[in-house]
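Computed from a prediction, not measured in an experiment: that's the story for all the values here. Order of the sequence lines sets the chain letters (A, B, ...), proteins ahead of strands, with each chain counted from 1.
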Amino acid sequence: MYLELKNINKKYGDYKASDDVNIQIEKGSLVALLGPSGSGKTTILRMIAGLETPDSGDIIIDGVRVNDIAPAERGIGFVFQNYALFRYMTVYDNIAFGLELKKVKKSDIRKRVNELIELTGLKGLEHRYPNQLSGGQRQRVAFARALAPNPSLLLLDEPFAAIDAKVRKELRSWLREMIYKVGITSIFVTHDQEEAVEVADEIIVTNKGRVEQIGDPVSIYKEPETPFVSEFIGQSTLIKNYYKLKGFEQGDYIGAIVRPEFVEAFKRDNSDFADVIDSSEVGTVTDILFRGNSLEVRLDVNGIELTTHRSLERRPIYIGEKLRVIVYRLFAVDEHRAYLLENTELQKKGFKDRRLDTYIYNENKYVVI
Amino acid sequence: MSEIISDLNTIDKESIRIAKKYKQKNKNAAGSKEGTFTKIAFISISLIFVVLMLVVPLISVVINSLKLGLAFYIESITTEYVISAIRITLLATVIAVIVNTFFGIVASWAITRFNFKGKQILTTLIDIPFSVSPVIAGLSYIMTFGRMGWATPILDTINEALGTDIQIAFAVPGVVLATIFVTFPFVSRELIPVLNAVGTDEEQAAALMGAGGLTIFRRITFPHIKWALLYGIILCTARALGEFGAVNALSKTRGGTFTLPLEIDALYLSGSADSITASFAVSSILVIISVIVLILRNIVEYKVKK
Ligand SMILES: Nc1ncnc2c1ncn2[C@@H]1O[C@H](COP(=O)(O)OP(=O)(O)OP(=O)(O)O)[C@@H](O)[C@H]1O
Ligand SMILES: [Mg+2]
């Protein structure tokens, strides 16, 4: 393990910003810290960097406990949430600053800075000041500046937050590519699950100062371990009386989480579903929303509100129409854990999910995983 | 897809058109007859006020100072008393500016960069000179360092031990202290809002790269605050040059501890027609300095805004 956090606790006054945090990160991996606002992501990052001191616990980088090592000595590059570029220095000087502090030879500084400017595609902008750059260019400078002194760990706090949606998408793949090219172990903070899924190899989900789950994007999506993760990831709705749905029995749960892709709705005469029609039940369309590449359909099934997505290629439907509805699976949750429940009726008959893709829904788009 | 984009474009254009229309409407409102009248009335009132209350009196000072001719003017501003007063004024000003600049930077740094108990109290205390009459400032130094002052025995002991003869009340050090007192808040007052606005991000980034406190100040913070600092120094200078009340309480020797404002007062009060003209002549020095400060102030203000 390259980076380890062991039993880290941090309080601000009475508030537990980090509550017994345990994290292990392998060398060379690209990790996302994902969680809602105020869940303690920045706090974790700042403690790793040494900008904040944990109340208890150990931070270990490459086998060395760094709790008492000065921030500058930890070999960390940090990209701040709003970049924190030096406003009174040019792009060149921004990137060179860290090297100058290390008393690197002038000619070596020039070589390294030019190399980074080349790498990040900032050529021709060396003599501009930060306020003369676009958001994306600023991010590149921040990235180059953090990398200049050859850190062994790169921390990025919401690297895309200050950039508008369109450019953000481009920068994501750019950053991912860059990080792989440089081969540096990196952790980035985000509260956007799409971003986490798309960029990271591994996702750490945080909530209320605790680590909820650590895993690769697919397992976070498919096997949420806690109620929070199952509800936070994807477009999830919590329903209380899930046992009224056909194919599910009551268990010792407080409710269940259903995602749109768990729900199938089809017209009675749809021959594709003729074999499973006995396992379906009637649902009334209560609302239809256009979602760009599909429709979001709200259904009332036995008084339970369900949501599904419908391809625009399929036959049109209207509000008030009665469709047949099948729920393939759901995540039942108790206080502490989430459990995957498959539709027992379908399982008995040996039917499988007909949907080819599973996707995460975010910001009106889908990410196929 | 392209349809949606073109749709968005039309929406954009539409909203811009509406915004423009709105702006025009607003302008029209201000440009209506009633609006014009109010505007002219407000501008004239302020202009007349400024001219009558400030510009005319100041110009009359300069004109009066030349009433008895240039030779007399030069003679009156080169008397032994006046030269001494200029010396004391400059001395007090330079020391006050240096001390308060240093103090202002340290205090505003402490207030904006550290969390400590009593921060609010410190912020309030710094502003005391703004709310306390300068005369009281002067008197408080007399209470401290005068014949009956509580600090006098201490000072006497020091003098005895070192074989020196340092006096504070009614001596030059008193004048300097009083000047420092009244100009105390100017620099920190200018720096605190700027330091707050700049935030600590850049400093943290630099610290993380291994920059020490001094490097951070010199390379990161100073460029942000330099114009505000200069502005504070100019204000501090202007106030120090013109201070009367506090200094008056502590300075009683003409030609010894008198500053320019005190000398002007003395000349004026001595009552002969000649000495009154002389007092105007000496005043004109301060007026000219003020005008220069004013111009500098405007230049710096412009730079600060930029
Ligand atoms: N210096 C501080 N003093 C007091 N409370 C703090 C401080 N810094 C953070 N907190 C609190 O600790 C909690 C976690 O903060 P943190 O900045 O780590 O959240 P985050 O997950 O990064 O949120 P966001 O996504 O909004 O940036 C929040 O409730 C916040 O109010
Ligand atoms: Mg944060």
Side-chain angles (χ1 to χ4, degrees), chain A residues 12-13 42 45-46 48-52 69-90 93-104 129-131 138 141-143 145-151 153-155 157 162 165-166 290-293 364, chain B residues 1-9 11-12 15-16 105 109 112-117 119-120 190-191 193-231 300 302-306:
Chain A
Y12 289 116
T42 301
L45 222 56
R46 290 174 64 86
I48 298 172
L51 292 169
E52 212 78 68
I69 294 179
E73 315 285 306
R74 295 187 187 185
I76 286 173
F78 202 106
V79 176
F80 285 79
Q81 188 152 357
N82 43 12
Y83 309 144
L85 295 178
F86 305 133
R87 273 170 277 180
Y88 284 92
M89 289 188 207
T90 59
D93 290 338
N94 260 282
I95 301 173
F97 189 78
L99 297 168
E100 279 167 24
L101 290 174
K102 295 216 153 129
K103 306 246 180 315
V104 177
Y129 285 89
N131 64 358
R138 269 178 224 170
V141 178
F143 183 72
R145 184 179 74 176
L147 285 183
N150 267 318
L153 180 62
L154 182 65
L155 306 177
D157 195 357
K166 223 173 182 179
F290 178 56
R291 285 295 193 194
N293 52 3
N364 306 336
Chain B
M1 189 62 185
S2 65
E3 260 170 39
I4 294 175
I5 288 172
S6 75
D7 246 24
L8 284 179
N9 273 337
I11 290 171
D12 241 25
S15 59
I16 288 168
I105 292 173
W109 189 271
T112 57
R113 293 299 182 257
F114 303 120
N115 266 321
F116 53 94
K117 280 213 177 78
K119 184 163 154 169
Q120 197 51 50
E190 291 305 316
L191 292 187
V194 177
L195 281 172
N196 271 331
V198 168
T200 54
D201 286 1
E202 289 180 45
E203 288 157 14
Q204 270 185 13
L208 205 53
M209 292 182 203
L214 249 137
T215 312
I216 292 178
F217 182 76
R218 200 170 51 81
R219 302 267 323 257
I220 311 294
T221 317
F222 184 72
H224 281 292
I225 62 168
K226 65 178 176 215
W227 291 113
L229 182 63
L230 191 57
Y231 187 54
V300 172
Y302 174 75
K303 293 271 189 193
V304 171
K305 277 208 194 96
K306 242 174 56 179

*Could you tell me the separation between the CD atom of B:Glu190 and the CG atom of B:Leu195, rounded to the nearest 0.5 Å?*
11.5 Å
*Under 3.5 Å, is there a donor-acceptor pair between the side chain of A:Arg87 and the main chain of B:Val198?*
yes
_With a strict 4.5 Å heavy-atom criterion, list every residue of residues 203-213 of chain B that contacts chain A, or say none._
B:Gln204, B:Ala205, B:Ala206, B:Ala207, B:Leu208, B:Met209, B:Gly210, B:Ala211
_Working for salt bridge (charged side-chain N to carboxylate O under 4.0 Å, His left out), residues A:Glu100 and B:Arg219_ = CA-CA 12 Å; A:Glu100 279 167 24; B:Arg219 302 267 323 257; 3.1 Å; yes
*Measure the spacing between OG1 of B:Thr200 and CD1 of B:Ile216 and express it to the nearest 0.5 Å.*
10.5 Å
*Give the intermediate values and the outcome of side chain to side chain contact (heavy atoms under 4.5 Å, CB included) for residues B:Leu191 and B:Trp109.*
CA-CA 8 Å; B:Leu191 292 187; B:Trp109 189 271; over 6 Å; no
*What parts of residues 222-229 of chain B touch chain A if we use heavy atoms and a cut-off under 4.5 Å?*
B:Pro223, B:His224
*Is it the side chain or the backbone of B:Thr215 that comes within 4.5 Å of chain A heavy atoms, both, or neither?*
side chain
*In sequence, state the C-alpha distance, the side-chain angles, and the governing distance for A:Asp93 and A:Tyr88, and then conclude on side chain to side chain contact (heavy atoms under 4.5 Å, CB included).*
CA-CA 9 Å; A:Asp93 290 338; A:Tyr88 284 92; over 6 Å; no
*Would you confirm whether A:Arg74, through its side chain, and A:Ile69, through its main-chain N or O, come within 3.5 Å as a donor-acceptor pair?*
yes
*Heavy-atom pair with the smallest gap, counting every atom of B:Ile220 and A:Met89*: CD1-CE, 3.6 Å
*asked:* Is it true that B:Asn196 and B:Thr112 share a donor-acceptor pair across their side chains at a distance under 3.5 Å?
replied: no
*Please name the pair of heavy atoms, one in A:Asn94 and one in A:Pro130, separated by the smallest distance, quoted to 0.1 Å.*
ND2-CG, 4.0 Å
_Using the side-chain hydrogen bond (donor to acceptor under 3.5 Å, both in side chains) criterion, which residues pair with A:Tyr129? Sequence neighbours excluded._
none
*At their closest point, which heavy atom of A:Ala49 faces which heavy atom of A:Ile76, and how far apart are they?*
CA-CD1, 3.8 Å
*Do any of residues 78-86 of chain A come closer than 4.5 Å to chain B, heavy atom to heavy atom, and if so which ones, in number order?*
A:Phe78, A:Phe80, A:Asn82, A:Ala84, A:Leu85, A:Phe86
*Please examine the side chains of A:Leu153 and A:Ile48, heavy atoms only from C-beta on, and report whether any two atoms are closer than 4.5 Å.*
yes
